[in-house]
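Below: one structure, written as structure tokens.
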2 protein chains.
Amino acid sequence: MRQILLYGLILGALLFLIQYAQYRLVFVQHAESAYTGVIAAICCAAGIWAGVVLTRRYQRKSNARLLAAIHNHPPVQAESSLTPRELEVLQLIAQGLSNQEIAGHLFLSLNTVKTHVSNVFAKLDVQRRTQAIQKAKQLGLLA
Amino acid sequence: MRQILLYGLILGALLFLIQYAQYRLVFVQHAESAYTGVIAAICCAAGIWAGVVLTRRYQRKSNARLLAAIHNHPPVQAESSLTPRELEVLQLIAQGLSNQEIAGHLFLSLNTVKTHVSNVFAKLDVQRRTQAIQKAKQLGLLA
DNA sequence: AGCCAATTCACCCGAAAGTATGAGGTTTCC
DNA sequence: GGAAACCTCATACTTTCGGGTGAATTGGCT
């Protein structure tokens with residue numbers, strides 16, 4: 001529902017831009033190539049954005065399968081109550097990454113990473129990431 | 001993901017329609033105008049392609065680093081040795097203790113612990129304690 | 001259609017961690 | 001007796017973490 005509104009606004013803005021550009025062109029003849037360039041730039045940007053978003057969503061699930069394959073575990077572990085995403089974050093914590101770096105690796109915002117980290121800590125009953133590493137290794141959640 | 005594609009198509013279609021309509025109504029005298037729509041479509045496609053390719057490439061590199069880290073592949077070189085005190089502090093860090101707790105264990109002030117920790121980080125060439133744990137285990141400094 | 005778990009993101013706040021610099025004290029070794 | 005290494009502690013500052021709360025979205029299941 002929110003997205004529809006968003007896309008509507010984007011669409012409207014684009015249409016407005018095009019209208020404006022063509023309005024200006026009525027009075028500025030022979031600037032057709034410049035106008036085409038603007039359109040091309042806008043569409044390129046929109047296309048790249050769409051492509052990136054598309055691929056990220058697709059890759060997200062692939063990564064889950066990849067990590068699962070590495071550890072010979074199904075994506076969802078019954079013995080630990082950690083979700084797949086939380087396990088991913090936990091593994092990156094054990095690699096020594098900061099929350100910001102984890103966000104970069106996983107294409108998440110810093111806030112989202114913090115949320116996952118907090119949930120991991122709560123489920124492992126620890127207060128610090130160093131404790132989480134310790135406990136996770138004891139529980140066999142990490143290699 | 002399906003909706004994004006959908007919205008993308010709608011966007012493209014609308015843009016094209018606008019182009020076509022204005023071509024018919026206003027810019028009949030400009031045969032060039034028809035090309036703008038084509039350009040827009042091509043750029044959209046190119047943009048999506050570029051976005052997908054770029055994101056996929058970036059992900060591949062990330063995954064490679066991730067796998068390398070998991071499998072202990074990264075080159076490990078001998079580094080300057082830690083002093084006895086620094087090694088003590090490092091071991092307590094690996095056990096998940098906070099600086100304050102380490103100070104309590106070793107009967108030191110918090111500032112002193114911070115100094116030792118900073119020196120350990122410098123010698124191990126890391127910035128965070130989680131990285132220090134990882135590296136110390138690679139170097140065999142920890143059990 | 002509605003519920004529910006998972007995921008994502010935001011904001012605020014305090015605590016902890018990390019950086020930089022300086023400064024005494026001791027031991028050891030030349 | 002002086003250089004060098006180590007240990008100790010301090011102040012000041014910036015960054016990162018962690019906790020708490022709220023909320024929107026999605027996908028799966030009933």
Side-chain angles (χ1 to χ4, degrees), chain A residues 1-7 53-54 56-64 67-68 74-78 80-90 92-133 135, chain B residues 1-7 80-90 92-133 135:
Chain A
M1 195 48 79
R2 184 78 174 272
Q3 280 188 350
I4 294 178
L5 216 65
L6 182 64
Y7 281 105
V53 171
L54 269 170
R56 281 182 190 174
R57 294 215 177 178
Y58 173 75
Q59 290 268 357
R60 219 196 71 193
K61 300 186 176 180
S62 300
N63 280 340
L67 285 174
V76 179
Q77 277 200 325
S80 77
S81 53
L82 292 182
T83 69
R85 206 54 159 168
E86 287 164 356
L87 189 56
E88 261 182 306
V89 171
L90 175 59
L92 293 180
I93 286 178
Q95 304 294 321
L97 301 195
S98 69
N99 287 340
Q100 188 65 65
E101 289 168 341
I102 293 173
H105 268 266
L106 263 33
F107 293 113
L108 297 176
S109 82
L110 176 60
N111 291 310
T112 304
V113 175
K114 282 186 176 184
T115 301
H116 287 314
V117 170
S118 279
N119 291 334
V120 169
F121 288 174
K123 288 181 179 179
L124 292 183
D125 190 28
V126 296
Q127 288 77 40
R128 286 179 290 279
R129 45 181 61 211
T130 48
Q131 289 179 323
I133 295 173
K135 196 142 190 175
Chain B
M1 139 169 161
R2 200 177 306 130
Q3 15 187 343
I4 291 181
L5 244 170
L6 182 64
Y7 279 106
S80 52
S81 62
L82 300 177
T83 69
R85 207 54 159 167
E86 287 165 356
L87 190 56
E88 256 182 310
V89 170
L90 176 59
L92 293 180
I93 285 178
Q95 290 174 17
L97 300 196
S98 68
N99 287 339
Q100 189 64 68
E101 290 168 342
I102 293 174
H105 266 263
L106 299 180
F107 299 105
L108 297 176
S109 82
L110 175 60
N111 290 310
T112 304
V113 174
K114 282 188 176 185
T115 301
H116 286 315
V117 170
S118 279
N119 291 334
V120 168
F121 288 173
K123 288 183 179 179
L124 293 184
D125 190 28
V126 297
Q127 289 78 38
R128 284 178 291 281
R129 45 182 59 213
T130 49
Q131 289 179 322
I133 294 173
K135 195 142 193 177

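Just so you know, these numbers come straight off a predicted model, no measurement behind them. Reminder, nothing fancy here: chain letters follow the sequence lines and each chain counts from 1.
- Note on residues 123-132 of chain A: pairs passing side-chain hydrogen bond (donor to acceptor under 3.5 Å, both in side chains), not counting sequence neighbours, are A:E86-A:K123, A:N99-A:R129, A:R128-B:E101.
- By the 4.5 Å heavy-atom criterion applied to side chains, A:L108 and A:I102 are not counted as neighbours.
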Inset, instruction - Could you run through nucleotides 9-30 of chain C and give me one letter per nucleotide, 5' to 3': B if any protein heavy atom sits under 4.0 Å from the base, S if only the sugar-phosphate is that close, - if neither? - result: BBB-----BBB-----------

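- Look at CG on B:L82: it is 14 Å from C1' on D:dA5, rounded to the nearest Å.
- For the pair B:K123 NZ and D:dC7 C1', the interatomic distance rounds to 12 Å; values are reported in whole Å.
- Here C:dA6 presents its P atom at 7 Å from CD of A:E86, a figure rounded to the nearest Å.
- Residue A:T83 has a polar side-chain atom (N or O) positioned under 4.0 Å from OP1 or OP2 of C:dT7.
- Atom CD of A:E88 is separated from atom OG1 of A:T83 by 9.0 Å, given to the nearest 0.5 angstrom.
- Here side-chain hydrogen bond (donor to acceptor under 3.5 Å, both in side chains) pairs that include residues 111-120 of chain B, with residues two or more places apart or in two chains, are B:S109-B:T112.
- Evaluation of the side-chain contact (heavy atoms from CB on, under 4.5 Å) rule for B:Q95 yields B:L92 as partners, not counting sequence neighbours.
- Using a 4.0 Å cut-off, some side-chain N or O of A:H116 falls inside it from OP1 or OP2 of C:dT8.
- A:I133 CD1 to A:I93 CD1: the interatomic distance, rounded to the nearest 0.5 Å, is 7.5 Å.
- Every side-chain contact (heavy atoms from CB on, under 4.5 Å) that A:A132 has, sequence neighbours left out, goes to A:L90, A:F121, A:L124, A:V126.
- Taking five base pairs at each end of the helix from C:dA1-D:dT30 to C:dC30-D:dG1 and finding the rotation axis that steps the C1' atoms of four pairs onto the next four gives two axes whose angle is 40°, to the nearest 10°.
- For the pair A:V89/A:L106, a side-chain contact is recorded, criterion being any heavy-atom separation below 4.5 Å from C-beta on.
- Spacing between atom CD1 of B:I102 and atom P of D:dC9 amounts to 14 Å, rounded to whole angstrom units.
- Between the P atom of D:dC9 and the CG atom of B:N119 lies a distance of 14 Å, rounded to the nearest Å.
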